[in-house]
Amino acid sequence: MRIIAHLDMDAFFAAIEERDNPRFFNRAIVVGSDPLGGRGRGVVSTANYKARMYGIHSAMPISIAWEKAKCAPKEDKVLFLGVDMERYENVSSKIRDIIISYNFPFEQVSIDEFFIDCSSCKTYILARKKLREIQEKIKNEEHLSCSVGVGKNKLIAKIASDFKKPHGFTLVSDKKTNQFLKCLAISKIPGVGKKTVFELNKMKVFSISDALVISVYEFKKKFGKFGMSLYEKVRGIDNDPVGEVINIKSVGSQETFLRDTIDVKEITQTIRRLIEDIYNRFLENGFSFFSRISITVRFFDFQTIQRSKSFECSLSKKEDIEFIVFQMFFPFLDGRENKSKKRIRLIGIRLEKLEKQKRLF
Ligand code: TTP
Ligand code: MG
């Protein structure tokens, strides 16, 4: 029997800010780009639970967050803070170290979430005990809270960790899986975003149980390959193993232009600046190699495109980054990927699969 857990930190960036600055205690906090008094053009990275009460959430334009924050009482204003990625990455490695100390196979999937394979516990009772210990250790040593979901696979664990937040612990045993899934909205399935929900609603699917009457053929016809996986997911099926991801670290940066632009000079200057910043952080953190680069382009209408390139041999030089990044960005500037020459709002670059030493093989 597999016993898989998903651990996700609560309001991660904001919780770190609250922890590290006693004067922020119990305040509503938004972490993201500079709101510039409501004229800022970036986005919210995250908001703590108190700020979420005003309707502020991740990925929301910071100008809208600023407007929403006006509902807060004068004596308890919402605080807007910048992003300090380096500090958050350091905290992330401390959380990882705590998880490593329990000797379970695990996989870090983002800066604040981990899958942990607790199958060696054999019973849910023992797995619960160990995972509660990890949750408490993170609370006691890092003074941060997280939510944990446990189930028969990664899919159930992930849905369960989101079921009760913050500081939740939701265990869905094998037997209870179908009952648990049935009551949930279809949007709770990871990977089902707004567009898919819209299409599913047209098929009269609102909850996971509504989706059970849709045949695999219908799903495939509507959503292609993703339809097949959706057919399985609504039934709680997921055989994805917990991978041993060692080189999970990444360093990245993004910038929102003051005005949407398609000016090649302005964009290339920004790309160079971002690369400079990323490369310095890459070296400062003791890394020597990377084997994937991802870029993000967000157009003025918020259409956002991401592209990644992986390399069989790890690379290490700044010139390599520049060469590849420009190769990846140019199609968005010369029309190949941007036929109507849409103006660009934001660009982002990320170095991934980082390594500290040269591989010996
Ligand atoms: P999440 O785990 O999605 O969010 P969270 O930890 O802030 O809140 P929750 O309690 O709901 O888990 O993301 C982890 C961090 O990643 C988050 O603190 C900030 C960052 N992030 C962004 O920068 N942009 C985004 O759009 C999202 C979703 C997250
Ligand atoms: Mg989180």
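Start at 1 and go down the list; that is how both ligands and their atoms are numbered. Source: prediction; values computed, not measured.
- Looking only at heavy atoms of the protein, atom 28 (C) of ligand 1 is closest to Ser58 CB, 3.6 Å.
- At distances below 3.5 Å, not a single donor-acceptor pair connects side-chain atoms of Arg292 with backbone N or O atoms of Ser250.
- Heavy atoms of Tyr49 come nearer than 4.0 angstrom to ligand 1 in at least one pair.
- Contact annotation for atom 8 (O) of ligand 1: protein present (non-hydrogen atoms, distance under 4.0 Å).
- Linking ILVMFWY side-chain heavy atoms closer than 4.5 Å, directly or via other members, places Val264 and Ile262 in a single hydrophobic cluster.
- The N/O atoms of Ile111, backbone and side chain alike, include none that comes under 3.5 Å of an N/O atom in ligand 1.
- With ligand atoms numbered from 1 in the order given, ligand 1 contributes 2 (O), 12 (O) to contacts under 4.0 Å with heavy atoms of Asp8.
- Counted by atom type alone, Asp117 and Ser119 present one or more donor-acceptor pairs between their side chains at under 3.5 Å.
- Val150 and Ile156 are members of different hydrophobic clusters when ILVMFWY side chains are connected at heavy-atom separations under 4.5 Å.
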Tell me, with the steps shown, if Asp10 and Tyr49 meet side-chain contact (heavy atoms from CB on, under 4.5 Å). CA-CA 9 Å; Asp10 301 322; Tyr49 284 75; 4.2 Å; yes

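- In this structure a side-chain-to-backbone donor-acceptor pair under 3.5 Å is present from Arg345 to Arg41.
- The Mg ion (ligand 2) lies at 2.8 Å or more from every N, O or S atom belonging to Asp10.
- Here the shortest heavy-atom distance to atom 24 (N) of ligand 1, taken over Ala14, Ser45, Ala11, belongs to Ser45.
- Looking only at protein heavy atoms, the nearest one to atom 1 (P) of ligand 1 is Asp112 OD2, 4.0 Å.
- Transitive grouping of hydrophobic side chains (ILVMFWY, heavy atoms separated by less than 4.5 Å) keeps Met9 and Ile159 in distinct clusters.
- The aromatic rings of Phe311 and Phe290 lie perpendicular to each other, with more than 60° between the two planes, well past the 30° mark.
- Nearest N/O/S atom of Asp112 with respect to the Mg ion (ligand 2) is recorded as OD2.
- Counting the atoms of ligand 1 from 1 in the order shown, those under 4.0 Å from a heavy atom of Thr46 are 5 (P), 7 (O), 17 (C), 18 (O), 19 (C).
- When heavy-atom distances to ligand 1 are checked against a 4.0 Å cut-off, Glu113 has no atom that comes that close, whether in backbone or side chain.
- Ligand 1 has a nitrogen or oxygen under 3.5 angstrom from a nitrogen or oxygen of Arg52.
- Cation-pi check for Arg298 over Phe302 is not met; the charged atom does not lie both under 6.0 angstrom from the ring centroid and within 45 degrees of its normal.
- Among the atoms of Met9, an N, O or S atom falls under 2.8 Å of the Mg ion (ligand 2).
- Considering backbone and side-chain N/O of Phe12, one or more are found under 3.5 Å from N/O of ligand 1.
- Taking backbone and side chain together, Glu113 holds no N, O or S atom under 2.8 Å from the Mg ion (ligand 2).
- Aromatic pair Phe326/Phe329: ring centres not closer than 6.0 Å.
- By the 6.0 Å and 45° rule, Arg259 does not stack over the aromatic ring of Phe257.
- Near Met9, the atoms of ligand 1 lying under 4.0 angstrom from a non-hydrogen atom of the residue are 6 (O), 9 (P), 10 (O), 12 (O).
- Protein heavy atom nearest atom 18 (O) of ligand 1, with residue, atom name and distance: Phe13 N, 3.1 Å.
- Restricting Asp8 to its N/O/S atoms, the shortest distance to the Mg ion (ligand 2) is reached by OD1.
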